[in-house]
Amino acid sequence: MDKKFKPKDWEDKIIKLWEEKKYFQAKVNKDKEPFVIILPPPNANGSLHVGHAMYVYEDILIRYNKFNGREVLWLPGEDHAGFETWYVFEKELKKQGKSKLDFDRDVLYQMVYDFVNEKRGIMRNQLKRLGFALDWSKSKFTLDEDIVHIVYLTFKKLFDQGLVYRGLRVVNFCVSCQTSFSDLEVEYQEEKSKLWTIKYLLSDKSGYIAVATTRPETMIGDTAVAVNPDDSRYKKLIGKTVKLPLVGREIPIIADSAVDPNFGTGAVKVTPAHSDVDWQIAQRHKLPLVQIIDFDGRANENALSYKGLSVSEFRTAVVSDLKKKGYLISEKDYTHRVGKCYKCKTTIEPLAKEQWFVKIKPLVDRVKPLLEKDKVKIYPKRFKTQLLNWLDKLYDWNISRQIVWGIRIPAYQCQVKGNQECQQKDGWFVSIETPSQCPYCSSSDFSQDEDTFDTWFSSGQWPYATLMSLASEGKNLQSLDEYKRLSFFQYFYPTTVMETGFDILSRWVSRMLMLGLFSVGKTPFYNVLLHGLVRDQYGQKMSKSKGNVIDPLELVDKYGADALRAALIFNTKVGSDVNMSEDKVVAMRNFANKVWNIGRFIYLGLNNDKEADSFETDSLDDIVENLHKEFQDLKKKYSDSLKKYNLTMAFDLLYDFTWHRLADYYLEKLKDAVWQGDEKVLASLKTVYLSLLQMLNPYMPFVTEAVCLSIENRSLYDID
RNA sequence: GGCCGUUUAGCUCAGCUGGUUAGAGCACCCCGCUUACAUCGGGGAGGUCGGGGGUUCGAGUCCCUCAGCGGCCACCA
């Protein structure tokens, strides 16, 4: 054995050994209780970043439970990550001086597919290098044909039950990315702006009503002015009409309780085409819709002479005209939150658009009791409250995206007009297979929706979609219920733990719960374990511009995967952000070396053929006995901690025991005996040490395995 | 505006259900290359556990309150 543990000499060898021995290839095994984690599929559009290294939490649980006799399955896969990948890809295109407009849909799709495929291969190797005990024989991709089939079945089931509908609504639209988003994908930023108060003259010339707004340009599309029904100031005006300034169109003054009498002037302009609140008011009062801003972010023909202006130019022009014509009462500084595209930071335009929506309420109603009764447990506990709060606030979920990259929505619109049945659903029907005719009127004149699904719609199905497709061995079945009956599925579903970052609690975890319950009738997982963000050594967020980004693979090269893994755990708290520094990795590298040298010491003792001298065996017995006692105590605390998902405490205990008790204390006391080849002492030490290695293995799989192979000539996973 | 987290040694942080002289890693000082390891060993310095109040035999740990930092949510146009 070398004096130092050299990760490079061992890592590849050990990875190969695990693969050959198939330790982590799960099978249906009725004698064992399964322990299942579905890997949150990384976005297949880049390399692994240090955040992905947090998968180590899952690896620890998998390996620990493997040693505990569970049938473990840790299922890998990759996410096509629709919009995210599309965004990265478009940037690449631009770099090459090309644009998406240069290619047709199929060619584009193939290009992204190739791009993603390359990344998938890279990521797999990187995950392996981190030592993750994933079952690669079962790896899935969100665009696998059999996964897509299941996603389609889910969509159809939702559609058939009326839980998904096509609707014209004001959606969050990014005019730069040219797609809509769900509410959860909009990021709000404080922005300094103005609050303008505008004079709307009453048609009967009896005066005016003052309206306050942050978006004066949208007044061109106003179709009403609203006041609170209980506002005494305006009671007598309700029902009258005003002349829309600059436009001259007559619009009514209406009463709606959504209006807060205490804000601004208590009177609101209503622009149903460009504000969700206004849209809802318009629905209640059957107001018309005048769209004045187009999907390219510019004023359209309804905006009269302003046509062609960008939103900000439009605003400036309208304000200046209002001023000129004496309609502007005041202009005050005002700071408010503005919705931004979470990717490109362009201001989101609320625009009326027909999209597919998932009705949230019925789905949420099934999720909430599970959380409330702790049928699904969330660690740390505080996130349970957060999730429940969210669930109460969710609106219907827009799942249509206007991008090519993704799963195309299997919805078709019949072009035949006038047929009653077709008209009921505006001609829309859903079909898993490419249809040959409209199911309502048998016409063959129909076309498929151009849009693709929100990625979270498919990844929200990931736990059951993966297990179903594996259960049927790729065969496409007719319904979700048929998949549900397969024994493989029944054995592995629901999964045991969902471990992921708390930042996607609402976007992902909530959707998996909703869709899992809907499609399978059972929760997709019993436990949710959440981790935080990886930050730099000073607690700063990593970013390219700050230059503090840590590349996990670089650290693996330099110090070994064990060191990186342990550095993410040591002296941290589960669920909080983790600060990462090279110093910490070095410290853990040193610890790995300590583990190695304890083994080396025992190994040297075992292979020492020196004659044993006579000893004070009484005191030795006491020391050995104490060692065993202390170790038993450690074992208990260790598994207690892990049962509570306190991965840090379990590791800190191991660190302290290994270094400061076993090495610094016991080994020093027993040193002479070891050198003398005292069999009793050595046997005790070996027993404790091998058992300790198994406890450490989940955290530092390489050094523990390497030292076991050196001493025992077999894997830790072959020791009972 | 609401909710949540956080404030412990120079730095970054652990401290589970309240209980003996409050811990770790890094940094620092002194000594040591002794046949497991200098990626080491031995020794040491360093904290009124954010402020105030309370409960208790006993509080970093529970309650109240104030303050700083961070995050999440909200249709006040």
Side-chain angles (χ1 to χ4, degrees), chain A residues 1-6 170 183-184 188 195-197 211-216 218-219 225-226 258-271 275-281 334 336-337 339 350 380-383 385-390 392-393 395 502-503 505-506 532-533 535-539 541 559-560 563 566-567 569-605 608 610 637 640-641 644 646 648-653 655-656 659-660 663-664 667-668 671 674-675:
Chain A
M1 282 177 83
D2 289 323
K3 271 187 148 186
K4 296 269 184 294
F5 171 60
K6 296 175 186 154
V170 171
D183 298 335
L184 295 179
Y188 289 89
L195 184 65
W196 288 274
T197 306
V211 162
T213 182
T214 53
R215 296 204 60 186
T218 62
M219 64 162 291
V225 169
V259 180
D260 176 1
N262 298 318
F263 185 85
T265 61
V268 196
K269 55 193 273 321
V270 182
T271 322
S275 152
D276 190 43
V277 191
D278 294 6
W279 167 265
Q280 286 168 29
I281 294 176
Y334 186 66
H336 65 150
R337 282 154 53 87
K381 274 203 292 259
R382 67 190 138 99
F383 289 112
T385 328
Q386 211 176 99
L387 187 54
L388 281 169
N389 286 344
W390 262 322
D392 279 334
K393 284 173 191 154
Y395 295 103
F502 65 65
D503 52 325
L505 184 61
S506 62
L533 208 68
R535 295 168 176 275
D536 79 359
Q537 57 183 317
Y538 302 109
K541 217 169 170 171
Y559 303 107
I569 302 289
F570 189 70
N571 208 232
T572 63
K573 188 159 61 180
V574 177
S576 299
D577 291 348
V578 172
N579 292 358
M580 190 59 173
S581 67
E582 193 154 336
D583 282 351
K584 208 168 170 185
V585 182
V586 169
M588 292 302 111
R589 187 271 317 260
N590 295 351
F591 179 55
N593 192 55
K594 185 53 110 173
V595 172
W596 170 264
N597 268 291
I598 295 169
R600 180 164 183 263
F601 182 52
I602 294 170
Y603 173 83
L604 291 174
N608 187 357
K610 207 167 148 187
K637 285 184 184 159
D640 284 351
S641 299
K644 286 185 280 188
N646 196 337
T648 292
M649 187 169 285
F651 183 64
D652 289 358
L653 285 165
Y655 180 94
D656 183 65
W659 202 315
H660 302 302
D664 289 350
L667 252 37
E668 287 304 319
K671 202 161 218 174
V674 170
W675 279 119

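Throughout, a chain's letter reflects where its sequence line sits, starting with A, and its residues are numbered from 1. Keep in mind it's a predicted model, so treat the numbers as computed, not measured.
- Nucleotides B:rU7 and B:rG15 have their C1' atoms positioned 15 Å apart, rounded to a whole Å.
- Residues A:Met219 and A:Thr213 form no side-chain contact, since every pair of their non-hydrogen atoms from C-beta on lies 4.5 Å or further apart.
- Rounded to whole Å, atom C1' of B:rC26 lies 14 Å from atom CE of A:Met580.
- For A:Asp664, counting side-chain heavy atoms from C-beta on, the closest listed nucleotide (B:rC76, B:rC37, B:rG42) is B:rG42.
- Side-chain atoms of A:Lys594 come within donor-acceptor range of the base of B:rC37, with a qualifying N/O pair under 3.5 Å.
- Here the nucleotide nearest the side chain of A:Trp659, chosen from B:rG41, B:rC72, B:rA77, is B:rG41.
- Taking the nucleotide of RNA chain B with the nearest heavy atom to each of A:His336 and A:Arg600, the more 5' of the two is matched to A:Arg600.
- Taking only side-chain atoms of A:Val268, from C-beta outward, the nucleotide of B:rC16, B:rU39, B:rA77 with the closest atom is B:rA77.
- Heavy atoms of A:Lys393 sit under 4.0 angstrom from primed sugar atoms or phosphate atoms, though from no base atom.
- B:rC26 and B:rG10 make up a base pair, with Watson-Crick or G-U wobble contacts both under 3.5 Å.
- Between the A:Thr648 side chain and the A:Thr572 main chain, a donor and an acceptor come within less than 3.5 Å of each other.
- Using a 4.0 Å heavy-atom criterion, one finds that A:Arg337 contacts the bases of the nucleic acid, with or without backbone contacts as well.
- At whole-Å resolution of the value, CZ in A:Phe383 and P in B:rC3 are 17 Å apart.
- Remark: the separation of the P atoms in B:rG5 and B:rU17 is 13 Å, to the nearest Å.
- Within the 4.0 Å cut-off from OP1 or OP2 of B:rC72, not a single side-chain nitrogen or oxygen of A:Tyr188 is found.
- Among the protein residues, A:Asn646 comes within range of no part of the nucleic acid, since none of its heavy atoms lies under 4.0 Å from any strand.
- For B:rC3 and B:rC49, the C1' atoms lie 26 Å apart once the distance is rounded to whole Å.
- Looking at heavy atoms from C-beta onward, A:Asn579 lies out of side-chain contact with A:Asp536 at the 4.5 angstrom threshold.
- Judged by distance alone, with hydrogens and angles left aside, the side-chain atoms of A:Lys573 form no donor-acceptor pair with the main-chain N or O of A:Val578 at under 3.5 Å.
- For B:rG1, the paired nucleotide is B:rC73, the pair qualifying as Watson-Crick or G-U wobble because both relevant distances are below 3.5 Å.
- Between A:His660 and A:Asp656, the side chains place no donor N or O within less than 3.5 Å of an acceptor N or O (distance only, hydrogens not considered).
- With rounding to whole Å, A:Leu505 atom CG is found 15 Å from B:rG5 atom P.
- Here A:Tyr334 lies in heavy-atom contact (under 4.0 Å) with sugar-phosphate atoms only.
- Of all nucleotides listed (B:rC40, B:rU39, B:rG5), B:rU39 comes nearest to the side chain of A:Lys4.
- The CD-P distance, from A:Gln386 to B:rC72, rounds to 9 Å in whole Å.
- Among the protein residues, A:Gln280 comes within range of no part of the nucleic acid, since none of its heavy atoms lies under 4.0 Å from any strand.
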Legend entry - Under 4.0 Å protein heavy-atom contacts per nucleotide of nucleotides 17-25 of chain B, with B for base, S for backbone only and - for none: ------BBS

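- When heavy atoms are screened at a 4.0 angstrom cut-off, A:Trp390 is found touching the sugar-phosphate backbone but no base atom.
- The OH atom of A:Tyr559 sits 13 Å away from the P atom of B:rC26 (whole-angstrom rounding).
- Proximity note for A:Asp260 (side chain, C-beta onward) versus B:rC76, B:rC4, B:rU39: the nearest is B:rC76.
- Residue A:Lys3 places at least one side-chain N or O closer than 4.0 Å to OP1 or OP2 of B:rC37.
- When the C1' atom of B:rA74 is taken as reference, atom CG of A:Asn389 falls 11 Å away, rounded to whole Å.
- B:rG60 sits 16 Å from B:rU20 when the C1' atoms are compared, rounded to a whole Å.
- Which of B:rC72, B:rC13, B:rA14 sits closest to the side chain of A:Thr648 comes down to B:rA14.
- Applying the 4.0 Å criterion to OP1 and OP2 of B:rC40, one finds that A:Asn590 has a side-chain N or O inside that range.
- A:Phe5 and A:Trp596 have tilted rings, their planes meeting at an angle from 30° to 60° on a 0 to 90° scale.
- Taking atom P in both B:rG41 and B:rC33, the straight-line distance is 16 Å, to the nearest Å.
- Under a 3.5 Å cut-off, the side chain of A:Asn646 and the backbone N or O of A:Ser641 do not form any donor-acceptor pair.
- We find that NZ of A:Lys671 is positioned 8 Å from C1' of B:rU34, with the value rounded to whole Å.
- When the P atom is used for both B:rG46 and B:rG23, the distance is 14 Å, rounded to whole Å.
- The closest side-chain heavy-atom distance from A:Phe651 to A:Met588 is below 4.5 Å.
- Pairing for B:rC40 is with B:rG32, a Watson-Crick or G-U wobble pair whose two hydrogen-bonding atom distances lie under 3.5 Å.
- Between A:Phe5 and A:Thr213, it is A:Phe5 whose nearest contact on RNA chain B lies nearer the 5' terminus.
- Between B:rG70 and B:rG50, the two C1' atoms lie 15 Å apart (nearest whole Å).
- A:Arg589 has its CZ atom 11 Å from the P atom of B:rA38, to the nearest Å.
- Put simply, the side chain of A:Arg589 reaches to within 4.5 Å of the side chain of A:Val586, judged on heavy atoms.
- The separation of B:rG52 from B:rC16, taken at their P atoms, amounts to 23 Å, rounded to a whole angstrom.
- Here A:Lys573 does not reach the OP1 or OP2 of B:rC16: none of its side-chain N or O atoms lies under 4.0 Å away.
- Within the shown strands, nothing qualifies as a pairing partner of B:rU17 under the Watson-Crick or G-U definition with both distances less than 3.5 Å.
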